[in-house]
Amino acid sequence: MTSDATTLTNDAATLGKSNQEQAVAAWMNYLNQLRLDNLLRALNRQDVNFEDALASLHDAMRRIDLEVVAANRGGVKGMHGFIAEVAEVGVGNARSQILGNGPVYQWVNDNGPVDLMRSGVEIQ
């Protein structure tokens, strides 16, 4: 082979290797961007879940304050039971919402045999 042919072969090999390295670098950059996008979406969902959970806790505290304590629901001997029911609903819903699920508890509050509902199941 002549020196011109050798130079062309070396140039082609170098160009091929450079193109391959650039393609790998571009692919790695793309994968890293996908990972960052997924992380940002997950962090945003986590923020929303946390806000929803806090809202459930605030709602439970408000209900305890207004519908149980201020109304003297249950009197001195029974108020703690109503407070526990509302707290169970608030904390249970907050736990579910932290995991990205919706609220699962509902306080029935009708002086009937059912105190709470969890995913449609009656609880005494």
Side-chain angles (χ1 to χ4, degrees):
M1 227 195 269
T2 67
S3 69
D4 288 339
T6 304
T7 302
L8 285 176
T9 303
N10 287 341
D11 288 346
T14 302
L15 181 63
K17 183 177 179 186
S18 175
N19 285 345
Q20 182 180 15
E21 289 170 348
Q22 287 179 21
V24 168
W27 181 249
M28 293 301 296
N29 187 44
Y30 172 73
L31 292 176
N32 285 333
Q33 188 61 51
L34 281 179
R35 288 182 186 118
L36 286 172
D37 291 346
N38 287 335
L39 175 63
L40 291 175
R41 273 193 296 278
L43 289 173
N44 187 44
R45 278 192 310 271
Q46 186 178 25
D47 285 348
V48 169
N49 294 345
F50 184 68
E51 288 171 8
D52 290 346
L54 282 177
S56 285
L57 294 175
H58 288 300
D59 183 57
M61 292 297 293
R62 183 190 57 76
R63 284 180 158 227
I64 289 170
D65 226 14
L66 298 176
E67 297 179 37
V68 179
V69 176
N72 197 29
R73 184 83 189 272
V76 175
K77 294 185 180 183
M79 187 181 298
H80 67 282
F82 290 107
I83 291 171
E85 291 171 4
V86 177
E88 177 68 24
V89 169
V91 171
N93 285 340
R95 284 182 179 174
S96 177
Q97 289 166 313
I98 281 288
L99 299 174
N101 304 318
V104 291
Y105 285 91
Q106 178 185 357
W107 186 38
V108 176
N109 191 23
D110 67 357
N111 289 332
V114 175
D115 295 328
L116 312 172
M117 300 275 288
R118 182 178 59 214
S119 301
V121 177
E122 297 176 341
I123 301 172
Q124 167 58 43

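Just so you know, these numbers use all the heavy atoms, side chains as well, and skip hydrogens, waters and symmetry mates. Owing to the predicted nature of the structure, the values given are computational and were not obtained by experimental measurement.
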message: Quick check against the 3.5 Å criterion: does Asn93 have a side-chain atom that pairs as donor or acceptor with the backbone of Tyr105?
response: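 Answer holds: yes.
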What closest approach, in Å, do [X] and [Y] show between heavy atoms, and which atom pair accounts for it?
| X | Y | result |
| --- | --- | --- |
| Val104 | Ser96 | CG1-OG, 3.7 Å |
| Ala94 | Ser56 | N-CB, 4.1 Å |
| Ala53 | Gln97 | CA-OE1, 3.7 Å |

message: Please enumerate all residues that pass side chain to side chain donor-acceptor pair (under 3.5 Å) together with Gln33, with sequence neighbours excluded.
response: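 By the side chain to side chain donor-acceptor pair (under 3.5 Å) rule, Gln33 matches Asp37.
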query: Are Ile83 and Leu116 linked, directly or through other ILVMFWY residues, by side chains that come within less than 4.5 angstrom of each other?
result: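 Ile83 clusters together with Leu116.
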If I take atom [atom1] from residue [X] and atom [atom2] from residue [Y], how far apart are they, to the nearest 0.5 angstrom?
| X | Y | atom1 | atom2 | answer |
| --- | --- | --- | --- | --- |
| Trp27 | Leu31 | CH2 | CG | 5.0 Å |
| Met61 | Leu54 | CE | CG | 12.5 Å |
| Glu85 | His80 | CD | NE2 | 10.0 Å |

task: Could you please spell out the steps behind the side chain to side chain contact (heavy atoms under 4.5 Å, CB included) verdict for Val48 and Arg45?
output: CA-CA 5 Å; Val48 169; Arg45 278 192 310 271; 5.7 Å; no
Is any side-chain heavy atom of [X] closer than 4.5 Å to a side-chain heavy atom of [Y]?
| X | Y | result |
| --- | --- | --- |
| Ile64 | Val69 | yes |
| Ile123 | Met117 | no |
| Asn19 | Leu15 | yes |

message: Which residue is it: Ile98, Leu99, Val91? I am looking for the one with a side-chain contact (heavy atoms from CB on, under 4.5 Å) to Arg95.
response: Val91
task: Check the pair Asp115, Gln124 against side-chain hydrogen bond (donor to acceptor under 3.5 Å, both in side chains), reporting the backbone distance first and the verdict last.
output: CA-CA 5 Å; Asp115 295 328; Gln124 167 58 43; 3.1 Å; yes
- prompt: Applying salt bridge (charged side-chain N to carboxylate O under 4.0 Å, His left out), which residue pairs with at least one partner in residues 48-75 are found, sequence neighbours left out?
  reply: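 Of all non-adjacent pairs touching residues 48-75, those that pass salt bridge (charged side-chain N to carboxylate O under 4.0 Å, His left out) are Asp59-Arg62, Asp59-Arg63, Arg63-Glu67.
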query: Would you say the side chains of Arg41 and Asn38 form a donor-acceptor pair under 3.5 Å?
result: yes
